[in-house]
Amino acid sequence: MQKVVKLGLILLIVTAVSAGALSVTNNFTKDIIEQKAIEANLAYMREILPDADDFKVVESSAIADIIEVEEAYEAIKGGDTSGYVIKTKTSGYGGDVLILTGINVDGTIAGMRVASQSETPNLGTKITEDEFGSQFEGLSTDKELKLNEDVDQVTGATISSTAAIKGINASIKLFESVLK
Amino acid sequence: MNIRRVFMDGVIFNNPTFVQVIGMCPTLAVSNSAVNGFGMGLAATAVLIGSNVVISMLRKATPDEIRIPIFIVVIATFVTIIEMVVQAFFTPLYEALGIFLPLIVVNCIILARAEAFAFKNSVLSSAVDGLANGLGFTLALTILGTIRELFGAGSVFGKTIMWGSFEPMSIIVQPSGGFLVLGILLAIFSIFTAKKASV
């Protein structure tokens with residue numbers, strides 16, 4: 001009996017010290033990690049809507065109604081809203097595909113950037129390349145986009161291409177139904 | 001315990017990847033480019049040194065019955081710390097390694113060194129053993145990653161070096177290609193070490 005208590009105590013000490021070390025590290029890195037995540041989004045948003053002065057988060061409960069949508073940002077130019085950037089998460093071939101879609105207030109797509117993906121190298125990863133992504137630029141948001149009608153898919157990567165267009169369509173839906 | 005010997009064992013003669021053939025899951029999964037392999041190796045090295053040192057320090061106070069849970073707690077703590085640090089300061093590497101970074105916890109090289117070495121040896125030689133095994137792992141992953149990136153993407157450490165019309169062999173950067181390259185490297189390495197042993 002005494003032995004059990006002793007073993008338990010030793011484990012308790014080891015785990016308590018570990019927990020302490022973790023909380024110190026977490027405290028130290030937490031803010032930097034958060035900052036990096038915002039900066040990463042911001043870099044993409046500046047690429048998509050280069051003439052915006054500022055971006056601010058759109059706070060609306062309606063955003064959660066479209067399941068693919070993660071977050072939405074409003075682009076401000078000279079005090080007015082010049083467009084929106086919407087972040088979506090869809091399932092690709094190798095995991096989640098995070099896409100930022102920029103939409104101008106006039107209802108055209110300003111551009112898209114793949115923020116994160118784990119698709120097959122040299123196949124699905126081509127959704128991150130300009131050849132695929134630039135096809136969306138200038139398309140109208142008045143209807144849902146279809147693969148191989150409005151844009152050409154990446155050859156041999158139907159699932160990755162579908163994930164991309166799904167994300168963009170979710171952004172269009174949010175723009176048309178809520179933000180516009 | 002001869003420190004030099006401990007070091008050479010970890011890096012070459014008892015190389016975790018090419019001789020012991022352990023830790024295969026991260027080896028195959030993240031060696032699709034040189035920089036990923038190198039980064040994974042360094043992250044694992046940091047964990048190995050930390051866990052080896054702490055486990056060696058605690059070895060007299062650790063009862064045999066609960067040594068494994070204590071090893072796991074120590075290793076998991078170091079992995080989580082490294083994960084947070086990499087996420088904060090090396091974000092692109094964090095994204096490239098993905099799930100395999102937290103999975104260093106179950107990398108059997110680390111538990112194997114804790115059980116086979118750190119639990120029985122002094123703090124200094126355990127630190128050297130951790131460093132050596134980590135470097136051995138890093139070396140193996142970097143070689144593997146360089147070869148796979150060269151043939152699979154035509155570049156090394158992100159710099160294109162193959163000629164313009166070179167068509168990348170996609171299979172090499174996919175899991176099946178990982179097995180092929182690893183098999184060939186294992187064969188080459190064992191020719192080399194077998195010769196050394198017979199001299």
Side-chain angles (χ1 to χ4, degrees), chain A residues 2-44 92-98 114-126 128-129 154-157 160, chain B residues 29-30 32-33 36 50-51 54-55 57-58 60-92 94-100 148-149 151-155 167-178:
Chain A
Q2 228 190 350
K3 177 138 206 201
V4 173
V5 175
K6 191 187 156 207
L7 293 182
L9 273 178
I10 295 175
L11 268 180
L12 175 69
I13 294 167
V14 171
T15 44
V17 172
S18 298
L22 287 179
S23 95
V24 169
T25 319
N26 183 38
N27 239 333
F28 176 66
T29 53
K30 189 175 67 188
D31 293 339
I32 304 172
I33 291 171
E34 207 166 289
Q35 197 59 39
K36 284 264 170 98
I38 296 172
E39 272 170 27
N41 277 347
L42 211 58
Y44 287 122
Y93 191 74
D96 289 332
V97 177
L98 291 175
V114 179
S116 158
Q117 49 82 22
S118 33
E119 301 305 284
T120 315
N122 291 333
L123 281 172
T125 52
K126 286 192 175 150
T128 65
E129 289 173 11
V154 174
T155 311
S160 307
Chain B
V30 302
N32 51 6
S33 77
N36 286 359
S51 68
V54 171
I55 286 164
M57 282 193 314
L58 295 175
K60 299 230 166 71
T62 307
D64 252 9
E65 299 92 322
I66 54 165
R67 66 178 196 285
I68 300 290
I70 288 183
F71 293 171
I72 299 290
V73 170
V74 171
I75 295 168
T77 307
F78 274 106
V79 171
T80 315
I81 290 174
I82 298 289
E83 187 192 350
M84 290 192 274
V85 170
V86 171
Q87 188 179 6
F89 299 104
F90 308 96
T91 315
Y94 175 80
E95 276 159 16
L97 296 182
I99 186 68
F100 293 99
R148 290 179 68 187
E149 192 183 339
F151 292 105
S155 58
E167 191 61 43
M169 295 177 245
S170 295
I171 188 173
I172 299 290
V173 284
Q174 283 164 36
S176 45

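Each chain gets a letter, A, B and so on, in the order its sequence line appears, and its residues count up from 1.
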Under 4.5 Å heavy-atom distance to chain A, tell me which part of [X] shows up: side chain, backbone, both or neither.
X	answer
Tyr94(B)	neither
Ala61(B)	backbone
Gln87(B)	both

Is chain B contacted by the side chain of Thr120(A), its backbone, both, or neither, given a heavy-atom distance below 4.5 Å? side chain

Heavy-atom distance under 4.5 Å to chain B: side chain of Lys30(A), backbone, both or neither? neither

Rounded at 0.5 Å granularity, tell me how far [atom1] in [X] sits from [atom2] in [Y].
X	Y	atom1	atom2	result
Leu123(A)	Gln174(B)	CG	CD	6.5 Å
Ile171(B)	Asn122(A)	CD1	CG	12.5 Å
Thr91(B)	Gln35(A)	OG1	CD	11.0 Å
Ile70(B)	Leu7(A)	CD1	CG	8.5 Å

Using a 4.5 angstrom heavy-atom cutoff, name the option from Ser33(B), Ala88(B), Ala96(B) with the most pairs to chain A. Ala88(B)

Could you check whether atom [atom1] of [X] has more than 12 heavy atoms from other residues, nucleotides or ligands sitting under 6.0 Å from it?
X	atom1	result
Glu34(A)	CD	no
Phe89(B)	CZ	yes
Phe90(B)	CZ	no

Please give me the minimum heavy-atom distance between Pro63(B) and Ile10(A), naming the atom from each residue. CG-CD1, 3.5 Å

Can you name the nearest heavy-atom pair linking Ile81(B) to Ala21(A), along with the distance? CD1-CB, 4.2 Å

Identified side-chain contact (heavy atoms from CB on, under 4.5 Å) partner of Thr80(B) from the options Thr25(A), Leu22(A), Asn26(A): Leu22(A)

